[in-house]
There are 2 protein chains.
Amino acid sequence: MARISAREKLLDAARDVVRAQGFSATSVDELCAAAGVTKGAFFHHFASKEALGAAAADHWSETTGALFASAPYHAPSDPLERVFAYIDFRAGLIAGDLAEFTCLVGTMVQEAYRTSDAIRTACANSIFGHAKTLEADIAAAIELYGAPAGVTAESLARFTQSALQGGFILAKAAGNDAPAREAVAHLRRYFELIFQPGRKGDAP
Amino acid sequence: MARISAREKLLDAARDVVRAQGFSATSVDELCAAAGVTKGAFFHHFASKEALGAAAADHWSETTGALFASAPYHAPSDPLERVFAYIDFRAGLIAGDLAEFTCLVGTMVQEAYRTSDAIRTACANSIFGHAKTLEADIAAAIELYGAPAGVTAESLARFTQSALQGGFILAKAAGNDAPAREAVAHLRRYFELIFQPGRKGDAP
DNA sequence: GCACACATACCGACTGGTTGGTATGTGACA
DNA sequence: TGTCACATACCAACCAGTCGGTATGTGTGC
(Lines give C-alpha, C1' and ligand atoms only; values in the text may rest on other atoms or scores of the structure.)
Protein backbone atom coordinates (compact mmCIF):
# COMPACT_ATOMS: atom_id res chain seq x y z
CA MET A 1 0.00 0.00 0.00
CA ALA A 2 1.76 3.09 -1.24
CA ARG A 3 1.34 5.79 1.39
CA ILE A 4 0.85 9.27 -0.01
CA SER A 5 3.31 11.78 1.40
CA ALA A 6 2.17 14.95 3.12
CA ARG A 7 3.78 16.93 0.33
CA GLU A 8 1.67 15.21 -2.32
CA LYS A 9 -1.48 15.59 -0.24
CA LEU A 10 -0.83 19.31 0.20
CA LEU A 11 -0.23 19.79 -3.53
CA ASP A 12 -3.48 18.01 -4.37
CA ALA A 13 -5.37 20.00 -1.73
CA ALA A 14 -3.91 23.24 -3.06
CA ARG A 15 -5.08 22.35 -6.57
CA ASP A 16 -8.66 21.87 -5.39
CA VAL A 17 -9.00 24.58 -2.75
CA VAL A 18 -7.19 27.31 -4.69
CA ARG A 19 -9.32 26.70 -7.77
CA ALA A 20 -12.42 27.14 -5.63
CA GLN A 21 -11.35 30.09 -3.44
CA GLY A 22 -8.25 31.63 -4.95
CA PHE A 23 -4.74 31.63 -3.52
CA SER A 24 -4.78 34.63 -1.19
CA ALA A 25 -8.15 33.74 0.28
CA THR A 26 -6.87 30.28 1.25
CA SER A 27 -5.01 30.09 4.54
CA VAL A 28 -2.25 27.64 5.37
CA ASP A 29 -4.44 26.15 8.10
CA GLU A 30 -7.21 25.58 5.58
CA LEU A 31 -4.80 23.86 3.22
CA CYS A 32 -3.54 21.62 6.02
CA ALA A 33 -7.08 20.71 7.06
CA ALA A 34 -8.04 19.88 3.46
CA ALA A 35 -4.92 17.75 3.04
CA GLY A 36 -5.32 16.09 6.44
CA VAL A 37 -1.84 17.10 7.59
CA THR A 38 -0.48 19.37 10.30
CA LYS A 39 1.12 22.75 10.03
CA GLY A 40 4.44 21.23 10.97
CA ALA A 41 4.30 19.04 7.89
CA PHE A 42 3.45 22.04 5.73
CA PHE A 43 6.49 24.04 6.73
CA HIS A 44 8.68 20.97 6.68
CA HIS A 45 8.02 20.60 2.95
CA PHE A 46 7.54 24.24 1.92
CA ALA A 47 9.53 27.25 3.06
CA SER A 48 6.52 29.53 2.79
CA LYS A 49 2.98 29.76 1.48
CA GLU A 50 4.42 31.38 -1.64
CA ALA A 51 6.72 28.37 -2.18
CA LEU A 52 3.71 26.06 -1.93
CA GLY A 53 2.00 28.15 -4.58
CA ALA A 54 4.93 27.85 -6.97
CA ALA A 55 5.23 24.12 -6.25
CA ALA A 56 1.50 23.66 -6.87
CA ALA A 57 1.90 25.33 -10.27
CA ASP A 58 4.82 23.01 -11.12
CA HIS A 59 2.80 20.02 -9.92
CA TRP A 60 -0.03 21.17 -12.16
CA SER A 61 2.33 21.30 -15.14
CA GLU A 62 3.45 17.74 -14.47
CA THR A 63 0.02 16.17 -13.94
CA THR A 64 -1.73 17.98 -16.80
CA GLY A 65 1.33 17.39 -18.98
CA ALA A 66 1.00 13.66 -18.40
CA LEU A 67 -2.74 13.82 -19.08
CA PHE A 68 -2.27 15.56 -22.43
CA ALA A 69 0.73 13.45 -23.42
CA SER A 70 -1.27 10.23 -23.04
CA ALA A 71 -4.49 11.64 -24.52
CA PRO A 72 -5.88 10.12 -27.74
CA TYR A 73 -5.77 13.32 -29.79
CA HIS A 74 -2.25 12.49 -31.04
CA ALA A 75 -3.50 9.48 -33.01
CA PRO A 76 -4.58 10.97 -36.39
CA SER A 77 -1.91 10.91 -39.08
CA ASP A 78 -2.95 14.30 -40.45
CA PRO A 79 -1.56 17.18 -38.33
CA LEU A 80 -4.64 19.34 -38.84
CA GLU A 81 -6.82 16.48 -37.65
CA ARG A 82 -4.63 16.24 -34.55
CA VAL A 83 -5.18 19.94 -33.89
CA PHE A 84 -8.95 19.56 -34.17
CA ALA A 85 -8.77 16.45 -31.99
CA TYR A 86 -6.94 18.52 -29.37
CA ILE A 87 -9.64 21.21 -29.44
CA ASP A 88 -12.36 18.56 -29.15
CA PHE A 89 -10.46 16.92 -26.30
CA ARG A 90 -10.38 20.25 -24.47
CA ALA A 91 -14.12 20.65 -25.06
CA GLY A 92 -14.67 17.23 -23.51
CA LEU A 93 -12.82 18.26 -20.37
CA ILE A 94 -15.35 21.01 -19.70
CA ALA A 95 -17.78 19.11 -17.50
CA GLY A 96 -18.93 19.02 -13.91
CA ASP A 97 -18.18 21.67 -11.33
CA LEU A 98 -16.44 24.90 -12.35
CA ALA A 99 -13.63 24.32 -9.86
CA GLU A 100 -12.97 20.92 -11.43
CA PHE A 101 -12.33 21.94 -15.03
CA THR A 102 -10.93 25.47 -14.73
CA CYS A 103 -7.22 26.19 -14.71
CA LEU A 104 -5.18 26.40 -11.49
CA VAL A 105 -2.35 28.44 -12.95
CA GLY A 106 -4.66 30.82 -14.80
CA THR A 107 -6.37 31.53 -11.51
CA MET A 108 -3.17 31.92 -9.51
CA VAL A 109 -1.28 34.12 -11.94
CA GLN A 110 -4.07 36.72 -11.89
CA GLU A 111 -3.60 37.13 -8.15
CA ALA A 112 0.14 36.82 -7.90
CA TYR A 113 1.64 38.15 -11.14
CA ARG A 114 2.84 41.28 -9.43
CA THR A 115 3.45 40.13 -5.88
CA SER A 116 5.28 36.86 -6.42
CA ASP A 117 7.76 36.32 -9.20
CA ALA A 118 8.17 32.66 -8.22
CA ILE A 119 4.46 31.97 -8.72
CA ARG A 120 4.24 34.10 -11.85
CA THR A 121 7.17 32.25 -13.45
CA ALA A 122 5.82 28.81 -12.52
CA CYS A 123 2.40 29.70 -13.98
CA ALA A 124 3.97 31.15 -17.13
CA ASN A 125 6.00 27.96 -17.62
CA SER A 126 2.82 25.93 -17.27
CA ILE A 127 0.72 27.93 -19.74
CA PHE A 128 3.37 28.65 -22.36
CA GLY A 129 4.92 25.20 -21.93
CA HIS A 130 1.57 23.61 -22.70
CA ALA A 131 1.07 25.92 -25.70
CA LYS A 132 4.48 24.80 -26.96
CA THR A 133 3.30 21.17 -27.13
CA LEU A 134 0.80 22.25 -29.83
CA GLU A 135 3.25 24.10 -32.03
CA ALA A 136 4.60 21.16 -34.01
CA ASP A 137 1.15 19.98 -35.12
CA ILE A 138 0.02 23.50 -35.98
CA ALA A 139 3.26 24.21 -37.88
CA ALA A 140 2.81 20.97 -39.85
CA ALA A 141 -0.80 21.92 -40.62
CA ILE A 142 0.31 25.33 -41.89
CA GLU A 143 3.03 23.67 -43.97
CA LEU A 144 0.50 21.27 -45.44
CA TYR A 145 -2.54 23.48 -45.93
CA GLY A 146 -1.25 27.03 -45.77
CA ALA A 147 -2.54 29.85 -43.59
CA PRO A 148 -3.36 33.55 -43.92
CA ALA A 149 -0.37 35.88 -43.94
CA GLY A 150 0.90 36.71 -40.47
CA VAL A 151 -0.37 33.53 -38.82
CA THR A 152 2.42 31.65 -37.05
CA ALA A 153 2.26 28.34 -35.20
CA GLU A 154 3.61 29.88 -31.97
CA SER A 155 1.09 32.68 -31.95
CA LEU A 156 -1.80 30.40 -32.84
CA ALA A 157 -0.80 27.94 -30.13
CA ARG A 158 -0.77 30.72 -27.56
CA PHE A 159 -4.16 31.97 -28.73
CA THR A 160 -5.75 28.58 -28.05
CA GLN A 161 -4.82 29.14 -24.41
CA SER A 162 -6.12 32.72 -24.42
CA ALA A 163 -9.49 31.56 -25.72
CA LEU A 164 -9.69 28.80 -23.12
CA GLN A 165 -8.61 30.98 -20.20
CA GLY A 166 -11.07 33.67 -21.23
CA GLY A 167 -13.83 31.09 -21.53
CA PHE A 168 -13.10 30.01 -17.95
CA ILE A 169 -13.43 33.58 -16.67
CA LEU A 170 -16.78 34.08 -18.38
CA ALA A 171 -17.93 30.69 -17.07
CA LYS A 172 -17.06 31.74 -13.52
CA ALA A 173 -18.95 34.99 -14.00
CA ALA A 174 -21.97 33.18 -15.43
CA GLY A 175 -21.86 30.46 -12.80
CA ASN A 176 -21.99 27.65 -15.39
CA ASP A 177 -19.83 26.07 -18.06
CA ALA A 178 -21.72 27.38 -21.12
CA PRO A 179 -19.37 30.30 -21.91
CA ALA A 180 -16.36 27.96 -21.76
CA ARG A 181 -17.95 25.51 -24.20
CA GLU A 182 -18.90 28.43 -26.42
CA ALA A 183 -15.34 29.79 -26.43
CA VAL A 184 -13.98 26.40 -27.51
CA ALA A 185 -16.58 26.22 -30.29
CA HIS A 186 -15.47 29.62 -31.61
CA LEU A 187 -11.84 28.58 -31.34
CA ARG A 188 -12.59 25.50 -33.42
CA ARG A 189 -14.40 27.60 -36.04
CA TYR A 190 -11.41 29.96 -36.19
CA PHE A 191 -9.18 27.01 -37.06
CA GLU A 192 -11.72 25.72 -39.58
CA LEU A 193 -11.74 29.11 -41.32
CA ILE A 194 -7.97 29.48 -41.23
CA PHE A 195 -7.49 26.07 -42.82
CA GLN A 196 -10.58 25.98 -45.01
CA PRO A 197 -9.89 24.76 -48.54
CA GLY A 198 -10.01 27.45 -51.22
CA ARG A 199 -9.40 30.38 -48.90
CA LYS A 200 -7.97 33.26 -50.90
CA GLY A 201 -4.62 34.96 -50.51
CA ASP A 202 -2.11 32.28 -49.61
CA ALA A 203 -0.59 28.99 -50.62
CA PRO A 204 0.74 25.96 -48.77
CA MET B 1 -13.32 73.12 -6.54
CA ALA B 2 -15.35 69.95 -6.64
CA ARG B 3 -14.29 67.89 -3.63
CA ILE B 4 -14.15 64.16 -4.31
CA SER B 5 -16.06 62.13 -1.75
CA ALA B 6 -14.40 59.40 0.27
CA ARG B 7 -16.66 56.90 -1.47
CA GLU B 8 -15.40 57.91 -4.91
CA LYS B 9 -11.80 57.89 -3.72
CA LEU B 10 -12.21 54.39 -2.29
CA LEU B 11 -13.78 53.11 -5.50
CA ASP B 12 -10.92 54.54 -7.58
CA ALA B 13 -8.34 53.14 -5.18
CA ALA B 14 -10.00 49.74 -5.30
CA ARG B 15 -9.86 49.78 -9.10
CA ASP B 16 -6.10 50.40 -9.08
CA VAL B 17 -4.98 48.33 -6.10
CA VAL B 18 -7.17 45.31 -6.80
CA ARG B 19 -5.97 45.13 -10.41
CA ALA B 20 -2.39 45.06 -9.13
CA GLN B 21 -2.74 42.74 -6.14
CA GLY B 22 -6.09 40.99 -6.36
CA PHE B 23 -9.09 41.43 -4.07
CA SER B 24 -8.31 39.04 -1.22
CA ALA B 25 -4.70 40.13 -0.96
CA THR B 26 -5.79 43.75 -0.53
CA SER B 27 -6.70 44.75 3.02
CA VAL B 28 -9.19 47.40 4.04
CA ASP B 29 -6.36 49.38 5.65
CA GLU B 30 -4.41 49.29 2.41
CA LEU B 31 -7.44 50.51 0.47
CA CYS B 32 -7.95 53.36 2.94
CA ALA B 33 -4.30 54.38 2.74
CA ALA B 34 -4.36 54.33 -1.07
CA ALA B 35 -7.54 56.41 -1.09
CA GLY B 36 -6.28 58.78 1.60
CA VAL B 37 -9.26 58.19 3.88
CA THR B 38 -9.76 56.62 7.29
CA LYS B 39 -11.30 53.33 8.20
CA GLY B 40 -14.29 55.12 9.64
CA ALA B 41 -15.03 56.57 6.20
CA PHE B 42 -14.72 53.12 4.64
CA PHE B 43 -17.32 51.52 6.87
CA HIS B 44 -19.49 54.61 6.73
CA HIS B 45 -19.91 54.06 2.97
CA PHE B 46 -19.63 50.28 2.71
CA ALA B 47 -21.16 47.67 4.99
CA SER B 48 -18.27 45.28 4.44
CA LYS B 49 -15.21 44.64 2.30
CA GLU B 50 -17.41 42.41 0.13
CA ALA B 51 -19.86 45.29 -0.42
CA LEU B 52 -16.95 47.50 -1.53
CA GLY B 53 -15.97 44.81 -4.01
CA ALA B 54 -19.42 44.65 -5.52
CA ALA B 55 -19.64 48.47 -5.60
CA ALA B 56 -16.22 48.64 -7.31
CA ALA B 57 -17.48 46.26 -10.00
CA ASP B 58 -20.59 48.42 -10.51
CA HIS B 59 -18.43 51.55 -10.61
CA TRP B 60 -16.25 49.82 -13.22
CA SER B 61 -19.34 49.11 -15.33
CA GLU B 62 -20.35 52.76 -15.20
CA THR B 63 -16.95 54.30 -15.98
CA THR B 64 -15.99 51.85 -18.72
CA GLY B 65 -19.55 52.03 -20.06
CA ALA B 66 -19.17 55.79 -20.45
CA LEU B 67 -15.75 55.36 -22.07
CA PHE B 68 -17.06 52.93 -24.68
CA ALA B 69 -20.28 54.85 -25.27
CA SER B 70 -18.37 58.01 -26.18
CA ALA B 71 -15.62 56.20 -28.12
CA PRO B 72 -15.20 56.93 -31.85
CA TYR B 73 -15.75 53.36 -33.02
CA HIS B 74 -19.49 53.96 -33.41
CA ALA B 75 -18.92 56.43 -36.28
CA PRO B 76 -18.77 54.19 -39.40
CA SER B 77 -22.06 53.72 -41.21
CA ASP B 78 -21.32 50.07 -42.02
CA PRO B 79 -22.01 47.80 -39.02
CA LEU B 80 -19.10 45.47 -39.83
CA GLU B 81 -16.77 48.47 -39.95
CA ARG B 82 -18.06 49.46 -36.52
CA VAL B 83 -17.22 45.99 -35.21
CA PHE B 84 -13.67 46.19 -36.59
CA ALA B 85 -13.37 49.71 -35.21
CA TYR B 86 -14.35 48.33 -31.77
CA ILE B 87 -11.68 45.63 -31.96
CA ASP B 88 -9.07 48.18 -33.04
CA PHE B 89 -10.19 50.48 -30.21
CA ARG B 90 -9.66 47.64 -27.74
CA ALA B 91 -6.21 47.02 -29.22
CA GLY B 92 -5.38 50.68 -28.70
CA LEU B 93 -6.27 50.44 -25.01
CA ILE B 94 -3.57 47.82 -24.45
CA ALA B 95 -0.70 50.09 -23.47
CA GLY B 96 1.38 50.96 -20.45
CA ASP B 97 1.43 48.98 -17.23
CA LEU B 98 -0.43 45.65 -17.00
CA ALA B 99 -2.47 46.86 -14.03
CA GLU B 100 -3.63 49.84 -16.09
CA PHE B 101 -5.20 48.07 -19.06
CA THR B 102 -6.35 44.75 -17.60
CA CYS B 103 -9.90 44.15 -16.42
CA LEU B 104 -10.98 44.73 -12.81
CA VAL B 105 -14.03 42.51 -12.95
CA GLY B 106 -12.23 39.69 -14.79
CA THR B 107 -9.67 39.67 -12.00
CA MET B 108 -12.21 39.86 -9.17
CA VAL B 109 -14.61 37.23 -10.45
CA GLN B 110 -11.84 34.61 -10.55
CA GLU B 111 -11.27 35.06 -6.84
CA ALA B 112 -14.81 35.55 -5.67
CA TYR B 113 -17.09 33.58 -7.99
CA ARG B 114 -17.67 30.95 -5.35
CA THR B 115 -17.34 32.88 -2.12
CA SER B 116 -19.35 36.02 -2.87
CA ASP B 117 -22.50 36.01 -4.93
CA ALA B 118 -22.75 39.80 -4.73
CA ILE B 119 -19.33 40.24 -6.35
CA ARG B 120 -19.90 37.45 -8.87
CA THR B 121 -23.21 39.00 -9.98
CA ALA B 122 -21.76 42.51 -10.26
CA CYS B 123 -18.84 41.20 -12.33
CA ALA B 124 -21.15 39.12 -14.54
CA ASN B 125 -23.34 42.18 -15.17
CA SER B 126 -20.25 44.15 -16.16
CA ILE B 127 -18.82 41.57 -18.58
CA PHE B 128 -22.07 40.37 -20.15
CA GLY B 129 -23.54 43.87 -20.12
CA HIS B 130 -20.58 45.15 -22.11
CA ALA B 131 -20.84 42.21 -24.52
CA LYS B 132 -24.48 43.12 -25.04
CA THR B 133 -23.51 46.58 -26.34
CA LEU B 134 -21.80 44.86 -29.29
CA GLU B 135 -24.69 42.65 -30.25
CA ALA B 136 -26.63 45.10 -32.42
CA ASP B 137 -23.65 45.88 -34.66
CA ILE B 138 -22.67 42.21 -34.97
CA ALA B 139 -26.29 41.20 -35.71
CA ALA B 140 -26.50 43.88 -38.39
CA ALA B 141 -23.20 42.69 -39.89
CA ILE B 142 -24.51 39.11 -40.01
CA GLU B 143 -27.72 40.35 -41.60
CA LEU B 144 -25.77 42.28 -44.22
CA TYR B 145 -22.91 39.92 -44.98
CA GLY B 146 -23.99 36.52 -43.69
CA ALA B 147 -22.05 34.25 -41.36
CA PRO B 148 -21.25 30.53 -41.06
CA ALA B 149 -24.05 28.35 -39.75
CA GLY B 150 -24.34 28.37 -35.98
CA VAL B 151 -22.77 31.80 -35.50
CA THR B 152 -25.03 34.12 -33.50
CA ALA B 153 -24.47 37.74 -32.56
CA GLU B 154 -24.87 37.02 -28.83
CA SER B 155 -22.34 34.22 -28.86
CA LEU B 156 -19.86 36.15 -30.98
CA ALA B 157 -20.17 39.19 -28.74
CA ARG B 158 -19.41 37.05 -25.69
CA PHE B 159 -16.43 35.48 -27.42
CA THR B 160 -14.83 38.88 -27.97
CA GLN B 161 -14.72 39.17 -24.19
CA SER B 162 -13.35 35.65 -23.75
CA ALA B 163 -10.51 36.37 -26.15
CA LEU B 164 -9.71 39.64 -24.37
CA GLN B 165 -9.89 38.21 -20.85
CA GLY B 166 -7.71 35.28 -21.88
CA GLY B 167 -5.22 37.63 -23.48
CA PHE B 168 -4.99 39.52 -20.18
CA ILE B 169 -4.21 36.32 -18.28
CA LEU B 170 -1.43 35.33 -20.66
CA ALA B 171 -0.09 38.89 -20.52
CA LYS B 172 0.06 38.71 -16.72
CA ALA B 173 1.86 35.37 -16.95
CA ALA B 174 4.33 36.72 -19.50
CA GLY B 175 4.85 39.97 -17.64
CA ASN B 176 4.19 42.10 -20.71
CA ASP B 177 1.34 43.13 -23.01
CA ALA B 178 2.38 41.10 -26.07
CA PRO B 179 -0.02 38.15 -25.51
CA ALA B 180 -2.95 40.55 -25.10
CA ARG B 181 -2.15 42.34 -28.37
CA GLU B 182 -1.74 38.97 -30.03
CA ALA B 183 -5.13 37.76 -28.79
CA VAL B 184 -6.84 40.86 -30.20
CA ALA B 185 -5.08 40.34 -33.54
CA HIS B 186 -6.40 36.75 -33.70
CA LEU B 187 -9.86 37.95 -32.70
CA ARG B 188 -9.79 40.45 -35.56
CA ARG B 189 -8.70 37.76 -38.01
CA TYR B 190 -11.54 35.53 -36.82
CA PHE B 191 -14.02 38.29 -37.68
CA GLU B 192 -12.29 38.88 -41.03
CA LEU B 193 -12.63 35.20 -41.88
CA ILE B 194 -16.24 34.97 -40.72
CA PHE B 195 -17.23 37.95 -42.83
CA GLN B 196 -14.85 37.43 -45.75
CA PRO B 197 -16.53 37.79 -49.16
CA GLY B 198 -16.98 34.56 -51.06
CA ARG B 199 -16.86 32.25 -48.06
CA LYS B 200 -18.70 29.04 -48.88
CA GLY B 201 -21.75 27.57 -47.25
CA ASP B 202 -24.01 30.45 -46.28
CA ALA B 203 -25.91 33.45 -47.58
CA PRO B 204 -26.77 36.88 -46.16
C1' DG C 1 23.56 -8.67 13.60
C1' DC C 2 23.78 -4.90 16.26
C1' DA C 3 24.98 -0.54 18.22
C1' DC C 4 25.78 4.12 16.93
C1' DA C 5 25.38 8.54 14.28
C1' DC C 6 22.70 10.97 11.68
C1' DA C 7 18.70 12.16 8.49
C1' DT C 8 14.03 12.60 7.22
C1' DA C 9 9.21 13.28 8.25
C1' DC C 10 6.22 14.96 10.97
C1' DC C 11 3.74 17.09 15.29
C1' DG C 12 1.19 20.95 17.57
C1' DA C 13 1.53 24.68 20.95
C1' DC C 14 2.91 29.22 20.51
C1' DT C 15 3.87 34.18 18.83
C1' DG C 16 3.71 38.74 17.06
C1' DG C 17 1.52 41.07 13.87
C1' DT C 18 -2.62 41.82 10.79
C1' DT C 19 -7.38 41.27 9.73
C1' DG C 20 -12.30 42.86 9.05
C1' DG C 21 -15.31 45.09 11.78
C1' DT C 22 -17.29 48.11 15.80
C1' DA C 23 -18.17 51.84 19.15
C1' DT C 24 -17.87 56.31 20.04
C1' DG C 25 -16.57 61.02 19.18
C1' DT C 26 -16.52 65.51 16.42
C1' DG C 27 -16.87 69.32 13.28
C1' DA C 28 -19.59 71.36 9.52
C1' DC C 29 -23.62 72.54 7.52
C1' DA C 30 -28.93 72.70 6.96
C1' DT D 1 -30.47 71.25 16.91
C1' DG D 2 -30.08 67.51 14.36
C1' DT D 3 -27.90 64.77 10.94
C1' DC D 4 -24.54 63.65 7.73
C1' DA D 5 -19.70 62.63 6.73
C1' DC D 6 -16.17 61.43 8.46
C1' DA D 7 -12.17 60.48 12.45
C1' DT D 8 -10.07 57.83 16.35
C1' DA D 9 -9.59 54.13 19.28
C1' DC D 10 -10.18 49.73 19.90
C1' DC D 11 -11.21 44.47 19.68
C1' DA D 12 -11.47 39.47 18.97
C1' DA D 13 -10.31 36.33 15.44
C1' DC D 14 -7.15 34.94 12.40
C1' DC D 15 -2.84 34.99 9.94
C1' DA D 16 1.86 33.05 8.36
C1' DG D 17 5.58 31.37 10.32
C1' DT D 18 8.60 29.32 14.48
C1' DC D 19 10.32 26.02 17.54
C1' DG D 20 11.30 22.23 20.65
C1' DG D 21 10.32 17.81 20.33
C1' DT D 22 9.32 12.69 18.63
C1' DA D 23 9.13 8.61 15.61
C1' DT D 24 11.07 6.17 12.09
C1' DG D 25 14.31 5.14 8.85
C1' DT D 26 19.28 4.33 6.94
C1' DG D 27 23.97 3.82 6.23
C1' DT D 28 28.38 2.30 8.66
C1' DG D 29 31.82 0.10 11.34
C1' DC D 30 32.71 -3.83 14.07
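Values below: all heavy atoms of this structure, side chains included; hydrogens, waters and symmetry mates excluded. A, B, ... follow the sequence lines: proteins, then strands. Residue 1 opens every chain.
Nearest to the side-chain atoms of A:A41 among the listed nucleotides C:dA9, D:dT8, C:dC11 stands C:dC11. Between D:dA7, C:dC11, C:dC10, one nucleotide has an atom nearer to the side chain of A:H45 than all others, and that is C:dC10.
A donor atom on one side chain and an acceptor atom on the other are not found under 3.5 Å apart for B:D137 and B:H74. A:S155 and B:H186 share a donor-acceptor pair across their side chains, judged by distance under 3.5 Å alone. Between A:E111 and B:Q110, the side chains place no donor N or O within less than 3.5 Å of an acceptor N or O (distance only, hydrogens not considered). With no hydrogens or angles considered, a side-chain donor-acceptor pair links A:R90 and A:Y86 at under 3.5 Å.
Counting non-hydrogen atoms under 4.0 angstrom, A:S24 reaches nothing in the nucleic acid.
Between B:R7 and A:E30, the one whose closest nucleotide on DNA chain D sits nearer the 5' end is B:R7.
Between A:F46 atom CZ and C:dC11 atom P the separation is 14 Å, expressed in whole Å. The distance between atom NE2 of A:H44 and atom P of C:dG12, rounded to the nearest whole Å, is 15 Å. Going from atom CD of A:E8 over to atom P of C:dC10 covers 11 Å, rounded to whole Å. Separating the CD atom of A:Q21 from the P atom of D:dC15 is a distance of 11 Å, rounded to the nearest angstrom. Following rounding to the nearest Å, A:L31 (CG) and D:dC14 (P) show an atom-to-atom distance of 17 Å. Separating the NZ atom of B:K9 from the C1' atom of D:dA7 is a distance of 13 Å, rounded to the nearest angstrom.
Separating the CG atom in B:L93 from the CG atom in B:D88 is a distance of 11.0 Å, to the nearest 0.5 Å.
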All N/O pairs under 3.5 Å across the protein-nucleotides 23-26 of chain D interface:
none

Using a cutoff of under 3.5 Å, can you pull out all pairs of nitrogen or oxygen atoms linking the protein to nucleotides 17-22 of chain D, with atom names and distances?
from, atom 1, to, atom 2, distance (Å)
D:dG17, OP2, A:K49, N, 2.8
D:dG17, N7, A:K39, NZ, 3.4
D:dG17, O6, A:K39, NZ, 3.0

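Using a 4.0 Å cut-off, no side-chain N or O of A:T38 falls inside it from OP1 or OP2 of C:dC10.
Aromatic ring centres of A:Y73 and A:F84 lie farther apart than the 6.0 Å criterion allows.
Between B:Y190 and B:F159, the ring-plane angle classifies as perpendicular under the 30° and 60° cut-offs.
Within the 4.5 Å cutoff, the side chain of A:L134 has heavy atoms near those of the A:Q161 side chain.
For residues 36-62 of chain B, the set of pairs meeting the salt bridge (Lys or Arg N to Asp or Glu O under 4.0 Å) definition, not counting sequence neighbours, comprises B:D29-B:K39.
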